[in-house]
Amino acid sequence: MIPCAEFEALLLDYPELDAGSRARAAAHAAACAACRAFLAAQLEADRALTAYFAGAHAPAALRTAVRARIERPSPFPEILDFLGWSALSAAAAALAAAFAPSPAPAITAAVIAASLAFGLRSAIDLES
Ligand SMILES: [Zn+2]
């Protein structure tokens, strides 16, 4: 049986689950009373919200305003994102090295390298 945390994660995409994931979720709900009750509450809330908002449509002006905010380019160039994440990561590494009982140079270098890699990865994630 999958753990409760995995079951809860599956609930996030419950309507779109593939057959295998839905079967794992169903098996967990069948065996776990707490998660079965949670699933029932989620489904009931979904039904109630769907019924409440049936036929409701956002005004066109709201849709346009939201789209404009979503599609607005960042005022900061991507390189600043990279530098910001790298600086934050390096500062964390420096603090960790300063407060470590006796930081070995190799460990400190590894932490700083990992921090720079984290900063680079974060910058790449921001681009996608
Ligand atoms: Zn459970």
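Note that ligands are numbered from 1 as they come in the structure, with each ligand's atoms numbered from 1 the same way.
- When atom types are taken as modelled, the side chain of His28 and the backbone of Ile2 share a donor-acceptor pair closer than 3.5 angstrom.
- Within the structure, every pair that satisfies the side chain to side chain donor-acceptor pair (under 3.5 Å) test and touches residues 7-18, not counting sequence neighbours, is listed here: Asp18-Ser21.
- Scored by the side chain to side chain contact (heavy atoms under 4.5 Å, CB included) test, Arg69 finds Arg72 as partners (sequence neighbours excluded).
- Ordered by chain and number, Cys4 SG, His28 NE2, Cys32 SG, Cys35 SG make up the set of protein N, O or S atoms under 2.8 Å of the Zn ion (ligand 1).
- As a member of the Ile/Leu/Val/Met/Phe/Trp/Tyr network built from side-chain separations under 4.5 Å, Phe53 groups with Leu49, Tyr52.
- In this structure, Leu11 CG and Asp46 CG are separated by 11.5 Å, a value rounded to the nearest 0.5 Å.
- More than 12 non-hydrogen atoms from other residues, nucleotides or ligands lie less than 6.0 angstrom from CZ of Arg22.
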